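Below is one structure; the comments refer to it alone.
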Amino acid sequence: MPKVSNKYSFPLNAITTVAQLNDQLDLLESEAMKQIAVSKDPESLESLRVGFFGKKGRLSGILGSMGKLPGNERPLIGQRANLLKTELQKLITKKLEELTTAELNNQLAREAIDVTAPSSGVPFGHRHPLITTTENIVDLFCGLGYSVAEGPEIETDHYNFAALNIPEAHPARDMQDTFYLGGNLLLRTHTSPVQIRYLENNPPPVRIVAPGRVYRRDAVDATHSPVFHQVEVLAIDEGLNFSHLRGTVLAFLKAFFGELPVRFRASYFPFTEPSAEVDVQWRGRWLEVMGCGMVDPAVLEGLGLDPERWSGFAAGLGVERFCMVRHGVDDIRRLYTSDLRFLEQF
Ligand code: DAH
């Protein structure tokens, strides 16, 4: 038997005694335990496993040279080798669990969310200035005892024109001014038809405001839009006269604008008599903000109401104008272009 000078480096096929194989197993055991203990990740652990127990690993090498032992000594080495394998497998499994848990903990720590950190803020929407203006107007009239009524945006010739005493030849009926939808239908050009619809179903006394969208065939410019908004006002009772109209309008304008100069100008509308337009002074000029007047007896008669008993006043307010004056907006188009840089100011 050759003498072995260095038990760590001699070739395995030269080993033939139980003692030498036991030394080899001792060596494998201590190396494996050390390397498993310092292993940093599952991959290096796996290559350790292959290196020690794989088909071509060190344990196979040791077992391979077992054949050179006398038959009665082989089980000693075989049993020890099996025990060692089981023990090291356990160590590897345990280490693998440790590494996986540590990696998971690391990941959780890296991705942790600090629920106490201040928020970066969520952008909130808010109501459009035309809507808030409409609501302000409606609220002020509600404070005077009015209720809210609404009507359809698609109207018939009857409600939009005929019932409001607007004659066949009136320019408002022109194709150039009104969006006709075919048949008898059109897009309402004002909120005044709500007066008729309401009075058909509600006997006086009535006090209502009717906000809504209206349509006209106007080209778009700084003060015109084919779609805009009005609030209709209607009060019918016994004994109402022009001073009630004037007092109501002045009280409302003062509440809405504060102390702006106001003037009434004589005007004409087919459904009111007498009629007026109301201007407020804004940026050194008079700006018309509403039409109004005493409801024409012909309108009341058309509804089967006795004009000798009932009288009242009506007004139509241009919401865009109120909004522009209140907020200092000089171009109506800004109210429709949905530019957030503009809208966020309100
Ligand atoms: N409907 C009219 C328009 O759109 C405005 C108006 C004027 C309404 C006088 C009224 C009123 O109720 O009495 O031009």
Side-chain angles (χ1 to χ4, degrees), residues 134 137-138 141 144 146 148-153 155 157-167 170-174 176-179 186-199 204 206-218 223-237 240-250 252-253 262-280 287-300 302-303 305 307 310-322 332:
T134 304
I137 295 172
V138 167
F141 277 97
L144 296 173
Y146 287 66
V148 180
E150 278 179 316
E153 291 176 21
E155 266 299 2
D157 177 274
H158 171 75
Y159 286 105
N160 198 76
F161 295 127
L164 287 161
N165 200 32
I166 300 175
H170 195 278
R173 291 185 166 220
D174 199 287
Q176 300 301 313
D177 292 302
T178 300
F179 288 106
L186 48 84
L187 292 179
R188 68 179 178 190
T189 61
H190 50 180
T191 43
S192 301
V194 184
Q195 294 186 28
I196 307 300
R197 288 184 176 275
Y198 193 83
L199 283 172
V206 305
R207 282 174 176 72
I208 53 157
V209 277
R213 215 178 285 159
V214 302
Y215 302 82
R216 286 186 202 170
R217 294 189 62 166
D218 281 327
T223 52
H224 291 87
S225 160
V227 186
F228 57 103
H229 300 77
Q230 291 187 332
V231 175
E232 192 77 13
V233 181
L234 175 70
I236 304 285
D237 208 332
L240 287 181
N241 59 44
F242 200 91
S243 55
H244 295 114
L245 165 60
R246 194 178 151 79
T248 303
V249 167
L250 289 175
F252 161 72
L253 289 176
V262 176
R263 76 176 182 192
F264 281 69
R265 257 182 310 110
S267 184
Y268 171 78
F269 298 101
F271 36 91
T272 44
E273 179 60 32
S275 304
E277 283 171 306
V278 182
D279 303 335
V280 297
L287 181 75
E288 184 205 325
V289 290
M290 75 175 86
C292 60
M294 300 308 293
V295 175
D296 194 300
V299 173
L300 295 174
L303 288 159
L305 297 172
W310 301 107
S311 63
F313 57 84
L317 286 61
V319 176
E320 276 76 359
R321 294 282 173 93
F322 282 86
I332 199 172

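We count ligands from 1, going down the list as the structure has it; atoms in each ligand are counted the same way. All values reported here derive from a predicted model rather than from experimental measurement. All heavy atoms count here, side chains included; hydrogens, waters and symmetry mates do not.
Contact check on Asp174 versus Arg217 returns no salt bridge, with no Lys/Arg side-chain nitrogen under 4.0 Å from an Asp/Glu carboxylate oxygen. Under 4.0 Å is where a charged nitrogen must lie from a carboxylate oxygen, and between Asp279 and Arg265 at least one such pair does. A salt bridge links Glu155 to Arg197: at least one charged side-chain nitrogen sits closer than 4.0 Å to a carboxylate oxygen.
The aromatic ring centroids of His190 and Phe271 lie less than 6.0 Å from each other. Taking the six-membered ring wherever Trp is involved, the centroid distance between the rings of Phe242 and Phe313 does not fall below 6.0 Å.
Polar contact check, His190 against ligand 1: a nitrogen or oxygen pair lies under 3.5 Å apart. Among the atoms of Ala314, some N or O lies under 3.5 angstrom from an N or O of ligand 1. At a 3.5 angstrom cut-off on N or O pairs, Phe271 does not count as close to ligand 1.
When the heavy atoms of Gly293, Gly318, Gly291 are ranked by distance to atom 7 (C) of ligand 1, first place goes to Gly291.
In the vicinity of Gln195, heavy-atom distances shorter than 4.0 Å reach the ligand 1 atoms 12 (O). Counting the atoms of ligand 1 from 1 in the order shown, those under 4.0 Å from a heavy atom of Ser192 are 1 (N), 8 (C). Using a 4.0 Å cut-off to heavy atoms of Thr272, the atoms of ligand 1 that qualify are 13 (O). Near Ala315, meaning under 4.0 Å from one of its heavy atoms, ligand 1 places the atoms 8 (C), 10 (C), 11 (C), 12 (O), 13 (O). Shown in contact with Phe269 at under 4.0 Å from a heavy atom are these atoms of ligand 1, numbered in order with element: 7 (C), 9 (C).
In this structure, the protein non-hydrogen atom closest to atom 5 (C) of ligand 1 is Gly316 CA, 4.1 Å. Regarding atom 12 (O) of ligand 1, its nearest protein heavy-atom neighbour is Glu232 OE2, 2.6 Å. Nearest protein heavy-atom neighbour of atom 14 (O) of ligand 1: Arg216 NH2, 3.6 Å.
Geometrically, Arg213 does not engage Phe228 in a cation-pi contact defined by less than 6.0 Å to the ring centre and at most 45° from the axis.
Using a 4.5 Å heavy-atom threshold, the side chains of Ile196 and Val194 count as separate. With contacts defined as side-chain heavy-atom distances shorter than 4.5 Å, the pair Val249/Leu245 qualifies.
Only the side chain of Gln230 comes within 4.0 Å of ligand 1, judged by heavy-atom distances.
More than 12 heavy atoms of other residues, nucleotides or ligands lie within 6.0 Å of CD in Glu277, so this atom counts as buried by the packing criterion.
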